[in-house]
Amino acid sequence: MKHDVHVFKQYPFAVGDKIRIEDGRRKGDWEVAEIQEHKVVLRCPISKKEFSWNKFCYLATKEDGVIWPQVDA
């Protein structure tokens, strides 16, 4: 059966990216300082403090008329 589905893909961080997180506990402006397999290190541009977090940012799109749930996902 086909449905309208919201699709989330992990954000493709790159070192040096300047990002803004609009809400949540990590809200604010950050610079990507380092990328590891499962973690991303973000640097505050004001205090220069760095924080290592599990990758958490996703881009969302809405796809109309797709089969859901996927049987072979």
Side-chain angles (χ1 to χ4, degrees):
M1 180 173 259
K2 294 192 176 190
H3 298 273
D4 296 342
V5 177
H6 296 276
V7 178
F8 293 81
K9 295 181 182 178
Q10 197 166 44
Y11 179 76
F13 287 108
V15 172
D17 281 351
K18 277 114 175 100
I19 65 172
R20 175 168 294 142
I21 300 172
E22 289 289 331
D23 55 15
R25 64 187 185 124
R26 297 178 181 117
K27 179 180 178 178
D29 290 339
W30 299 94
E31 181 177 4
V32 178
E34 183 181 343
I35 302 164
Q36 303 165 354
E37 185 176 354
H38 298 287
K39 296 198 177 261
V40 62
V41 178
L42 300 182
R43 179 184 305 118
C44 173
I46 310 277
S47 70
K48 306 298 184 199
K49 289 183 182 179
E50 294 184 356
F51 300 89
S52 177
W53 288 308
N54 289 330
K55 291 182 180 175
F56 61 93
C57 289
Y58 294 86
L59 294 174
T61 60
K62 183 177 178 189
E63 296 183 11
D64 299 330
V66 298
I67 295 174
W68 184 91
Q70 289 181 340
V71 178
D72 59 347

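Quick note: numbers below take in every heavy atom, side chains included, and nothing from hydrogens, waters or symmetry partners.
- Ile46 forms part of no hydrophobic cluster, judged by ILVMFWY side-chain heavy-atom separations under 4.5 Å.
- In this view, Glu63 satisfies the side chain to side chain donor-acceptor pair (under 3.5 Å) rule with no residue, not counting sequence neighbours.
- Contact record, Lys2 with Gly65: CD-O, 3.3 Å, taken as the closest heavy-atom pair.
- Applying the 4.5 Å side-chain rule to ILVMFWY residues, one finds Tyr11, Phe13, Val15, Ile19, Ile21, Trp30, Val32, Ile35, Val40, Phe51, Trp53, Phe56, Leu59 in the same cluster as Leu42.
- Partners of Asp23 according to the side-chain contact (heavy atoms from CB on, under 4.5 Å) rule, which considers only residues two or more places apart in sequence or in another chain, do not exist here.
- By the side-chain contact (heavy atoms from CB on, under 4.5 Å) test, Arg20 pairs with Glu22, Asp29, sequence neighbours left out.
- Shown here are the side chain to side chain donor-acceptor pair (under 3.5 Å) partners of Asn54, two or more places apart in sequence or in another chain: Lys39.
- Ser52 OG to Glu34 CD: the interatomic distance, rounded to the nearest 0.5 Å, is 7.5 Å.
- Expressed to the nearest 0.5 Å, how far OG1 of Thr61 lies from NE2 of His6 amounts to 9.5 Å.
- The salt bridge (charged side-chain N to carboxylate O under 4.0 Å, His left out) analysis of residues 45-62, with sequence neighbours excluded, yields the pairs Arg43-Glu50.
- Sorted by first then second residue, the salt bridge (charged side-chain N to carboxylate O under 4.0 Å, His left out) pairs that include residues 5-19, not counting sequence neighbours, are Lys18-Glu31.
- Residues passing the side-chain contact (heavy atoms from CB on, under 4.5 Å) test with Lys27, sequence neighbours excluded: none.
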